[in-house]
Amino acid sequence: MTSVAQPPSSSVELTVVQVTVGDPRVRPLLRELGDEYSSRYGKDAHAELARYPDEEFTAPYGGVLLLLLEGGEPVAGGAFRRYDATAAELKRIWTHSAHRRRGLARRVVAELEREASARGYRRIYLTTGPRQPEARGLYLATGYTPLFDTEADPETIGPLPFEKHLPVATRQGKAAYL
């Protein structure tokens with residue numbers, strides 16, 4: 001899929017909101033992710049988006065779903081779910097097709113990391129598909145450690161796993177890593 005760089009609007013601020021999967025503002029995220037996955041992997045990937053129950057992306061279950069709104073409209077988003085007692089798993093990182101190449105995915109990842117750390121998670125785990133070089137590049141550029149041979153053909157690996165350890169606040173107010 002080809003995208004055209006869109007400069008950020010200087011007059012409109014981005015707002016971060018926590019939402020549920022049922023929020024109508026989430027529909028573009030689910031639709032575009034499903035279409036994107038289907039075009040890259042040649043099957044109906046909308047089923048992949050239904051793989052996890054919606055409640056896994058809510059606070060009572062250890063998760064969250066965030067949207068970045070610009071002028072009240074969703075331009076990017078993402079989620080995490082509980083992976084284990086100390087790790088959150090990033091899912092559904094998305095930038096609206098009309099708003100790519102603006103650094104919005106980096107902002108989403110940073111917001112998810114901040115929220116995961118605030119909820120006591122010490123590590124982020126995620127996988128991305130072998131036909132998603134943009135996602136692979138995003139995670140490498142934002143400090144994630146690949147848990148696979150980066151020299152191997154991604155098609156021979158399958159889902160590409162990454163992790164990142166999150167800082168925790170110390171009594172002196174400085175960040176430390178566990």
Side-chain angles (χ1 to χ4, degrees), residues 14-34 36-38 40-41 44-69 74-96 104-132 134-148 154 157-171 174-178:
L14 293 173
T15 304
V16 179
V17 296
Q18 291 185 24
V19 296
T20 64
V21 175
D23 188 306
R25 296 173 293 182
V26 176
R27 287 184 196 134
L29 177 151
L30 297 175
R31 183 182 60 252
E32 283 199 350
L33 282 177
E36 185 80 18
Y37 296 163
S38 294
R40 290 181 190 231
Y41 298 102
D44 179 14
H46 292 274
E48 172 62 23
L49 294 171
R51 181 174 169 194
Y52 302 101
D54 293 351
E55 60 267 9
E56 288 194 22
F57 301 103
T58 64
Y61 289 84
V64 71
L65 174 58
L66 301 177
L67 290 177
L68 294 184
L69 305 179
V75 294
F80 66 73
R81 60 185 283 277
R82 179 182 303 277
Y83 183 70
D84 63 30
T86 62
E89 180 181 19
L90 293 191
K91 303 299 286 180
R92 302 177 181 169
I93 307 303
W94 164 78
T95 300
H96 191 287
L104 297 174
R106 283 179 183 248
R107 171 81 185 269
V108 167
V109 169
E111 294 290 343
L112 289 169
E113 289 172 1
R114 188 173 4 271
E115 186 64 28
S117 183
R119 292 183 186 208
Y121 290 114
R122 298 294 159 241
R123 183 173 76 98
I124 299 280
Y125 173 81
L126 67 93
T127 60
T128 191
R131 295 181 188 167
Q132 295 172 262
E134 307 90 342
R136 177 184 173 172
L138 168 68
Y139 301 127
L140 290 171
T142 54
Y144 282 77
T145 301
L147 302 175
F148 60 93
I157 299 170
L160 308 177
F162 290 86
E163 74 173 354
K164 184 176 190 179
H165 292 274
L166 298 173
V168 294
T170 65
R171 289 182 193 228
K174 296 180 181 180
Y177 292 87
L178 296 178

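Bear in mind that the values here come from a model prediction, so they are computed numbers and not experimental data.
Contact annotation: the side chain of Lys91 approaches that of Arg81 to within less than 4.5 Å [non-hydrogen atoms, C-beta and beyond]. Under the 4.5 Å side-chain criterion, counting only non-hydrogen atoms from C-beta, Leu138 is not in contact with Leu140. Side-chain contact between Leu147 and Tyr125 is present, with at least one heavy-atom pair separated by less than 4.5 Å.
A donor-acceptor contact shorter than 3.5 Å is absent between the side chain of Glu111 and the backbone of Val108. Under the 3.5 Å distance criterion, the side-chain polar atoms of Arg119 are matched with a main-chain donor or acceptor of Gly63. Side chain of Ser117 to main chain of Arg114: no donor-acceptor pair is present (N/O by atom type, distance under 3.5 Å, no hydrogens or angles). Put simply, the side chain of Tyr41 gets close to the backbone of Arg131: a donor and an acceptor are under 3.5 Å apart.
One distance of note links CG of Leu65 with CZ of Arg92; it measures 7.5 Å at 0.5 Å rounding. In this structure, Thr58 OG1 and Gln18 CD are separated by 10.5 Å, a value rounded to the nearest 0.5 Å. In this structure, Gln132 CD and Leu160 CG are separated by 8.5 Å, a value rounded to the nearest 0.5 Å. Here Leu69 contributes atom CG and Arg25 contributes atom CZ; the two are 5.5 Å apart, rounded to the nearest 0.5 Å. Here the OG1-CZ distance, from Thr128 to Phe162, works out to 7.0 Å after rounding to the nearest 0.5 Å. Taking CD from Glu56 and OH from Tyr61, the interatomic distance works out to 9.0 Å, rounded to the nearest 0.5 Å.
When each of Val16, Val17, Thr95, Thr15 is tested with Leu68 by the rule side chain to side chain contact (heavy atoms under 4.5 Å, CB included), just one qualifies, namely Val16.
Of all heavy-atom pairs spanning Ala76 and Leu104, the tightest one is CB-CB, 3.9 Å. The two residues Leu67 and Pro74 have their closest heavy-atom pair at CD1-CB, 4.3 Å. In terms of heavy atoms, Val64 sits closest to Leu66 at CG2-CD2, 3.8 Å. Residue Arg136 comes nearest to Pro154 through the heavy atom pair NH1-CG, 3.6 Å, listed as atom of the first residue, atom of the second, then distance. The minimum heavy-atom distance linking Pro161 with Phe148 is given by the pair O-CD2, 3.2 Å. Summarising the geometry of Val26 relative to Thr20, their closest heavy-atom pair is CG2-O, 3.4 Å, with the distance given to 0.1 Å.
Using a cut-off of 4.0 Å between Lys/Arg side-chain N and Asp/Glu carboxylate O, Glu113 and Lys164 are scored as salt-bridged.
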Exercise for review: Determine, step by step, whether Arg123 and Leu166 satisfy the side-chain contact (heavy atoms from CB on, under 4.5 Å) criterion, reporting the C-alpha distance in whole Å, the side-chain angles of both residues, the deciding distance to 0.1 Å, and the verdict.
Suggested key: CA-CA 5 Å; Arg123 183 173 76 98; Leu166 298 173; 5.9 Å; no
Review point. How far apart are the C-alpha atoms of Tyr139 and Thr145, what are their side-chain angles, what is the distance that settles it, and do they pass the side-chain contact (heavy atoms from CB on, under 4.5 Å) test?
Key: CA-CA 8 Å; Tyr139 301 127; Thr145 301; over 6 Å; no
Exercise for the section: I would like to know whether Tyr52 and Phe57 meet side-chain contact (heavy atoms from CB on, under 4.5 Å); could you show each step before the answer? Expected result: CA-CA 9 Å; Tyr52 302 101; Phe57 301 103; 3.9 Å; yes
Is there a side-chain contact (heavy atoms from CB on, under 4.5 Å) between Ile124 and Glu163 once you walk through the steps? CA-CA 5 Å; Ile124 299 280; Glu163 74 173 354; over 6 Å; no
Check the pair Arg40 / Glu134 against salt bridge (charged side-chain N to carboxylate O under 4.0 Å, His left out), numbers first and verdict last.
CA-CA 12 Å; Arg40 290 181 190 231; Glu134 307 90 342; 2.9 Å; yes
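Taking the centre of each ring, Phe80 and Tyr121 come in below the 6.0 Å mark.
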